[in-house]
Amino acid sequence: MANQETEAFKTRVLFVLAHLEEGEITSYGELARQAGNARYARLVGQILKKLPSDTHLPWYRVVNSQHRISFIEGTDAYERQKVKLEQEGWIVVGQKLMQKEAH
DNA sequence: AACAAGGCGGGTC
DNA sequence: TGACCCGCCTTGT
């Protein structure tokens with residue numbers, strides 16, 4: 001993938017991310033797909049990882065395809081994401097994310 | 001230059 | 001359900 005293309009891809013990823021609404025979640029693969037390259041899920045992870053810690057972007061609305069938080073359970077990052085999601089109506093059952101009201 | 005590791009995903013057994 | 005493997009691309013060493 002050419003450098004220029006990579007940049008464009010990143011830009012689209014951030015754009016899609018910025019437009020996720022409260023309570024909505026997506027996966028790395030899905031985000032990659034929406035940004036135009038379904039097979040760059042890993043790249044999405046790297047992009048999110050590099051976001052500034054004070055970013056306003058909803059990085060926490062991105063989970064993996066099994067609907068699980070990708071950080072290792074118990075780590076700070078994991079807890080931060082969990083808290084954020086819980087504030088938006090999600091709960092962690094077992095390791096899986098589920099909506100609080102629906103069922 | 002070579003290799004390992006990553007906030008992954010899909011498929012198989 | 002869980003443990004693998006394999007493809008993907010970028011980054012770090």
Side-chain angles (χ1 to χ4, degrees):
Chain A
M1 192 180 200
N3 221 299
Q4 188 178 350
E5 241 175 287
T6 306
E7 288 310 309
F9 178 74
K10 289 182 183 173
T11 302
R12 290 195 297 271
V13 166
L14 297 182
F15 179 83
V16 174
L17 178 62
H19 288 261
L20 281 181
E21 292 175 26
E22 184 173 331
E24 183 181 6
I25 61 173
T26 187
S27 71
Y28 300 87
E30 177 61 26
L31 192 46
R33 187 159 40 245
Q34 290 177 6
N37 299 70
R39 53 185 193 284
Y40 297 159
R42 283 191 105 138
L43 195 42
V44 170
Q46 310 230 33
I47 293 170
L48 300 190
K49 184 180 181 180
K50 289 181 198 153
L51 288 176
S53 55
D54 60 350
T55 181
H56 63 289
L57 293 175
W59 56 271
Y60 50 85
R61 293 182 187 143
V62 186
V63 297
N64 65 28
S65 67
Q66 344 295 320
H67 276 203
R68 295 180 44 187
I69 292 176
S70 287
F71 292 116
I72 296 181
E73 201 170 352
T75 59
D76 287 354
Y78 176 94
E79 292 303 327
R80 277 202 302 279
Q81 183 164 15
K82 184 179 164 194
V83 167
K84 281 298 210 174
L85 289 172
E86 286 176 344
Q87 288 171 355
E88 298 194 354
W90 296 89
I91 52 176
V92 176
V93 180
Q95 306 231 1
K96 241 175 167 181
L97 231 37
M98 305 192 52
Q99 295 198 42
K100 210 175 275 181
E101 3 223 308
H103 170 265

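Chain letters run A, B, ... following the sequence lines, proteins first and then strands; every chain starts at 1.
When rounded to the nearest whole Å, the span between CD of A:Gln66 and P of C:dG2 equals 11 Å. In this structure, CZ of A:Arg42 is placed 15 Å from P of C:dG12, rounded to the nearest angstrom. The CD1 atom of A:Ile25 sits 19 Å away from the P atom of B:dG7 (whole-angstrom rounding). Put simply, NZ on A:Lys82 is 20 Å from P on B:dG7, counting in whole angstrom units. In this entry the distance linking CZ of A:Arg39 with C1' of C:dT10 reads 14 Å, nearest Å. Note: CG (A:Leu51) to P (B:dG6) measures 19 Å, nearest angstrom. Summarising the geometry, the separation between CG on A:Leu48 and C1' on C:dT11 is reported as 15 Å, rounded to the nearest angstrom. Remark: C1' of B:dC8 and CZ of A:Arg33 are 12 Å apart, rounded to the nearest angstrom.
Here the straight-line distance linking atom CG of A:Leu20 with atom OH of A:Tyr60 works out to 9.5 Å at 0.5 Å rounding. A distance of 7.5 Å separates CD in A:Gln99 from CD1 in A:Ile25, rounded to the nearest 0.5 Å. Rounding to the nearest 0.5 angstrom, the gap separating the CG atom in A:Leu51 from the CG atom in A:Leu17 is 7.0 Å. How far CD1 of A:Ile72 is from OH of A:Tyr78: 11.5 Å, rounded to the nearest 0.5 Å.
Closest to the A:Ser65 side chain, of the nucleotides B:dG7, C:dT11, B:dG9, is B:dG9. Counting only heavy atoms from C-beta on, A:Leu43 has its side chain closest to C:dC9 among B:dG6, B:dG9, C:dC9. When distances run from any side-chain atom of A:Tyr28 to the nucleotides B:dG7, C:dG7, C:dT11, the shortest one goes to B:dG7. Considering only the side chain of A:Thr6, C:dT10 comes nearest among C:dC9, B:dC8, C:dT10. With B:dG7, C:dC8, C:dT11 as the candidates, the nucleotide lying closest to the side chain of A:Lys10 is C:dT11. Side chain of A:Gln46, nearest nucleotide from B:dG6, C:dC8, B:dG7: B:dG6.
The side chain of A:Ser27 places no N or O atom within less than 4.0 Å of a non-bridging phosphate oxygen (OP1 or OP2) of B:dC8. Remark: A:Tyr40 is in phosphate contact with C:dC9, judged by side-chain N or O atoms under 4.0 Å from OP1 or OP2. The phosphate of B:dG7 (OP1 or OP2) has no side-chain N or O of A:Lys50 nearer than 4.0 angstrom.
With both ends at atom C1', the span from C:dC8 to B:dA5 equals 14 Å, rounded to whole Å. Spacing of C1' atoms, B:dA1 relative to C:dG12, comes out at 14 Å, to the nearest Å.
In this structure, A:Arg12 contributes its side chain and A:Gly36 its backbone to no donor-acceptor pair below 3.5 Å.
Counting non-hydrogen atoms under 4.0 angstrom, A:Val62 reaches a base of the nucleic acid.
Annotation: A:Glu21, atom CD; neighbour count of heavy atoms from other residues, nucleotides and ligands within 6.0 Å does not exceed 12.
Across all strands shown, C:dC8 has no partner, as no Watson-Crick or G-U wobble contact with both distances under 3.5 Å is found.
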